[in-house]
Amino acid sequence: MQIARRMQRLGGLRGAFASFDSLDQMLRQGIDIVDFTVGDPDFATPANIADAGIQAIREGRTHYTPSRGIAPLRRRIAESLSASRRVEFDAGEIVVAPGAKILVTYALLSLINPGDEVIVPDPGYPAYRSMVEFLGGTPVPMPLLEERSFTFDPSTLGELVTEKTKMIVINSPNNPTGGVLSASDLRAIAEIAHGGDIWVLSDEVYCEMVYDRPFVSIASIPGMKERTVLLDSFSKTYAMTGWRLGFAAAPRAVSDAMSLLAGNIHSSAAEFTQHAGLAALNGPRTSLHAMIKEYRERRDMLWEGLNKLPGFSCAKPEGAFYVFPNVNGACKRLGLHDARELEQFLLREARVAVTSAGYYYHCAAFSEHPQNLRLSYALAKERIREGLRRIAEVT
């Protein structure tokens, strides 16, 4: 029996995170690890949301729903997006799913054909390039430059476009860098998309976690809503990662196609989680504001602490909950080849888990010999302090 050849085109964290097995073994042995690897909020889901989900279960809301999602939730999402993105959406353009990740695949399945090129951020969330390759497309890396706080050079983007370009993927705020695209960056993308009749897939799951300037969506630029698939999620904003609830907003023909895929693949998101999502959108934002304030303080603590370490150089992230320090100097001081070896060194010698940037890069020069680490600050301040202390001891 042989596995289908297409499966060889799918990537995964285990193969890229060199210390995965060692970390797993150490945790099972009860060894205390300061874990900076997980992009999962350490906050509990706010009580009003959890209560709504529990009440929905008690009321028997545990059945199939329309593949697009329940109408009250889709209407409320459309209202929320219209207010936050400053452009009108209606419920017919919304598709709800068990998490935003599967909607990346649905958008690609709906819009690209084998042989099409898709420009993806580099470094970027690995699922973009992985799914493009899986579907027979060609991912084209768009370099996010450290000297530009991990945004890109618009002229470089223009040079990447060919007659085969079908889509540009953007993720702002960005995982893994925390970089945020400016309004001028987004206008440059919009101009290129219009000129080449190119779709944009805009992953905005960290949109509430922008610390130093207002969030701007490319869908708000005149003429871009008609060629944008916007992805968002309850996971990060409301600490609901385990509830698996995300949504897409797209022109009706695209949302129809994505809904058709939903009906054939996952049927629908769980009914009770959708009612929890409705409660999230209708409820107070006090918990959200408290989380964002805490994340900002954690960011500043980790960013400042890393820049005090010998051989670490860290740009200040403007969004999400990640830092992406350059560690070339530290590797040279310690006689290590690259960030992948430093990842293993820190786990072994400091009992600190981080992720090397090789997992997030498409460009071979950086994926094979990464210069950066990704650290999540979705963990308590006392653990951040302890992690910094342990790193300082061994570097």
Side-chain angles (χ1 to χ4, degrees), residues 2-12 67-68 92-122 124-143 152 156-171 186 188-205 218-219 221 223-232 246-267 361-364 367:
Q2 292 188 346
I3 300 298
R5 287 189 298 274
R6 73 174 71 88
M7 296 303 297
Q8 298 174 10
R9 300 199 292 267
L10 281 179
S67 59
R68 290 180 178 275
E93 297 171 313
I94 307 301
V95 179
V96 177
K101 184 181 291 186
I102 197 169
L103 293 168
V104 173
T105 301
Y106 291 173
L108 292 168
L109 277 167
S110 298
L111 291 170
I112 74 164
N113 292 305
D116 286 342
E117 294 179 353
V118 178
I119 296 174
V120 298
D122 192 37
Y125 188 53
Y128 307 139
R129 67 175 185 271
S130 181
M131 291 311 305
V132 170
E133 291 177 338
F134 183 70
L135 299 176
T138 301
V140 178
M142 175 172 62
F152 66 99
T156 300
L157 175 61
E159 293 169 359
L160 295 176
V161 172
T162 73
E163 60 182 15
K164 294 183 178 180
T165 304
K166 189 65 174 291
M167 180 182 285
I168 300 169
V169 177
I170 59 176
N171 174 213
L186 295 171
I189 295 171
E191 183 176 351
I192 290 168
H194 277 297
D197 192 23
I198 298 166
W199 285 96
V200 171
L201 176 61
S202 183
D203 184 342
E204 302 178 5
V205 300
I218 196 168
I221 297 174
M224 283 306 297
K225 176 177 176 283
E226 295 78 10
R227 63 174 65 252
T228 298
V229 179
L230 184 158
L231 303 184
D232 204 342
F247 56 90
R252 188 59 185 261
V254 181
S255 70
D256 286 348
M258 294 175 72
S259 177
L260 181 61
L261 286 164
N264 277 274
I265 297 173
H266 74 258
S267 294
Y361 272 103
H362 182 87
C363 175
S367 63

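Annotation: the span from L260 atom CG to S67 atom OG amounts to 8.0 Å, rounded to 0.5 Å. To the nearest 0.5 Å, atom CD1 of residue I112 and atom CG of residue L135 are 5.5 Å apart. With values rounded to the nearest 0.5 angstrom, I170 atom CD1 is found 9.0 Å from L230 atom CG. Here I119 contributes atom CD1 and I192 contributes atom CD1; the two are 7.5 Å apart, rounded to the nearest 0.5 Å. With rounding to the nearest 0.5 angstrom, the CZ atom of R9 is 10.0 Å from the CE atom of M7. I265 contributes atom CD1, which lies 6.5 Å from atom CG of L109 (distance to the nearest 0.5 angstrom).
Within the 4.5 Å cutoff, the side chain of V229 has no heavy atoms near those of the Y106 side chain. Put simply, the side chain of N171 does not reach to within 4.5 Å of the side chain of E204, judged on heavy atoms. P143 has its side chain out of reach of D122: every pair of non-hydrogen atoms, C-beta onward, lies at least 4.5 Å apart. Proximity of P139 to Y128: side-chain heavy atoms (C-beta onward) are nowhere separated by under 4.5 Å. A heavy-atom distance below 4.5 Å is found between the side chains of D197 and R227. Inter-residue side-chain proximity for T228 and I221 is flagged as unmet; no heavy-atom pair is nearer than 4.5 Å.
Here the side chain of S255 pairs a donor or acceptor atom with the backbone of R252 at under 3.5 angstrom. D203 contributes a side-chain N or O that, together with a main-chain N or O of V205, makes up a donor-acceptor pair within less than 3.5 Å.
Paired with V132 under the rule side-chain contact (heavy atoms from CB on, under 4.5 Å), one option of T105, V104, L108 passes, and it is L108.
Under the ring pair (Phe, Tyr, Trp, His ring centres under 6.0 Å) criterion, H194 pairs with no residue at all, not counting sequence neighbours. Legend: residues meeting ring pair (Phe, Tyr, Trp, His ring centres under 6.0 Å) with F134, ordered by chain and number and at least two apart, are absent. With sequence neighbours excluded, no residue forms a side chain to side chain donor-acceptor pair (under 3.5 Å) with R5. When the side chain to side chain donor-acceptor pair (under 3.5 Å) test is applied to N113, no partner is found at least two apart in sequence or on another chain.
Residues A193 and M224 share a closest heavy-atom pair of CB-CE, 4.1 Å. Closest heavy-atom contact between K225 and P251: O-CG, 3.7 Å. Heavy atoms only, all atoms of each residue included: L231 and A248 are closest at CD2-CB, 3.7 Å. Closest approach of R129 to G124, counting heavy atoms only: NH1-O, 4.1 Å.
Among pairs with a residue in residues 94-108, none fulfils salt bridge (charged side-chain N to carboxylate O under 4.0 Å, His left out), at least two apart in sequence or across chains.
For E133, the CD atom is densely surrounded, since the number of other residues' heavy atoms within 6.0 Å is greater than 12.
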Can you list, pair by pair, the side-chain donor-acceptor contacts under 3.5 Å of residues 161-169, counting residues two or more places apart and other chains?
unit_1	atom_1	unit_2	atom_2	d
T162	OG1	E117	OE1	2.7
T162	OG1	K164	N	3.0
T165	OG1	T162	N	2.8
T165	OG1	T162	O	3.2
K166	NZ	L111	O	2.7

